[in-house]
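Structure first, then comments.
Residue numbers run from 1 in the order of the sequence given. Order of listing sets the numbers, starting from 1, for every ligand and every atom in it. Heavy atoms only: backbone and side chains are in, while hydrogens, waters and symmetry mates are out.
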Amino acid sequence: MDYESQESKIRGFERGYRAVYVINIGLQFGLFRALCEDSEGLTAQNLADRLSLYEPYLKIWLQTAYHFELLNCDSRGMFTLQPYLAEILGIDMGLEPIIQNAGSSSLARYILTGLPAPHHRSTEESLATSRATQTVYMVFLSYILEKHEALKQSMNTGIRFIDIGCGSGHLIIELALAFPNSSFKGIDTDIHGLERAESAANTLGIYDRVSFEDLSAEELDCQEEFDVACMVAALHEILPADRPASLKNIHRALKSRGHLILLDFPYPEKLEDFRNQRYDIGIIEQFFEAPGGIVHLGATEQDNLLKQAGFNNIQRSDLNNGMFDLIVAVK
Ligand SMILES: C[S@@+](CC[C@H](N)C(=O)[O-])C[C@H]1O[C@@H](n2cnc3c(N)ncnc32)[C@H](O)[C@@H]1O
């Protein structure tokens, strides 16, 4: 058996686990039962009114259940149960969720009130995030910088680079090793990630060119200091209310003609795309991150935010068979 088939087996288990989680929420909060009782179908608003639950979360649940082909949706936006699911899932019989523990108390509060759970990233979560993205620097070195020759040249000559939402600092540490004339700053609010980043920079002896700060994008207060800013899987994590100020701060922190490089998971803007593989990661991340108040952005919203913050020349492309959006914008 080769690496690819082993990996695809594990990814299949992971996807099945996530689908079961979505099913459990539907069973636990009576969403399937309400859909079962109405053959005409229901919208998120209908479900919210009927069950006194938070409509924006129900919309995400319906779209994710549609993604997993548990639900259908007609041209009026009415969601219905797929054939035979009522019997198979035991919806009429009020069966217990397939795996217990689907609805944590913070999720229950969120689905009832829409109040996100205050998010404190634990050491374990911080490590898991960092492992999931630890090879992104290779994408930078082998793809982004190869495609943007002028940027690579300026990094060779020496620039100031800031990574917003830097996590454990993998990206800027690797870039600092590759470009000894450039200096780097990473900001984040995950103190566990920042501790690991600082310790790695010290061990590698590059702390004179690499610094980290416990700072959110909305608190960033610099003026024309950096040539390049980047955000890797970080824009979607900034809460919607904080995004306009965060992007304005980043714009202000860049020098004239400075570049912002954004890498993030694409998120669908229309229902049919909820079954397009390109959006798999974004759809599932959105579902699991929703109770923390995280709202993923579609391309139009990303572009509008960038324009409102003052960025021009917004260029979009995609990486890894479309699983990542790469956006480069200029001040
Ligand atoms: C999915 S992680 C990606 C981390 C890192 N860029 C990487 O590729 O490993 C998103 C990061 O954004 C950070 N973040 C969330 N909201 C933020 C904010 N308002 N300002 C700065 N960073 C933020 C999180 O703490 C987290 O470390």
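Residues satisfying the side-chain hydrogen bond (donor to acceptor under 3.5 Å, both in side chains) test with Glu55, not counting sequence neighbours, are none.
One finds the CG atom of Leu70 at 7.5 Å from the CD atom of Gln82 (value rounded to the nearest 0.5 Å).
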Is there any protein N/O under 3.5 Å from an N/O of ligand 1, and what does the full list of such pairs look like?
from, atom 1, to, atom 2, distance (Å)
ligand 1, 6 (N), Gly165, O, 2.6
ligand 1, 6 (N), Val232, O, 2.9
ligand 1, 8 (O), Thr133, OG1, 3.4
ligand 1, 9 (O), Thr133, OG1, 2.4
ligand 1, 19 (N), Glu218, OE1, 2.9
ligand 1, 20 (N), Ala217, N, 2.9
ligand 1, 25 (O), Asp188, OD1, 2.6
ligand 1, 27 (O), Asp188, OD1, 3.3
ligand 1, 27 (O), Asp188, OD2, 2.7

Using salt bridge (Lys or Arg N to Asp or Glu O under 4.0 Å), reason through Asp325 and Arg278 one step at a time and then give a plain yes or no. CA-CA 10 Å; Asp325 270 340; Arg278 164 163 156 71; 2.9 Å; yes

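Shown here for Ala176 and Ile206, the closest heavy-atom pair between the two residues is CB-CD1, 4.0 Å.
For residues 206-219, the salt bridge (Lys or Arg N to Asp or Glu O under 4.0 Å) pairs, not counting sequence neighbours, are Lys185-Glu213. Among residues at least two apart or in separate chains, side chain to side chain donor-acceptor pair (under 3.5 Å) pairs with a member in residues 61-70 are Arg15-His67.
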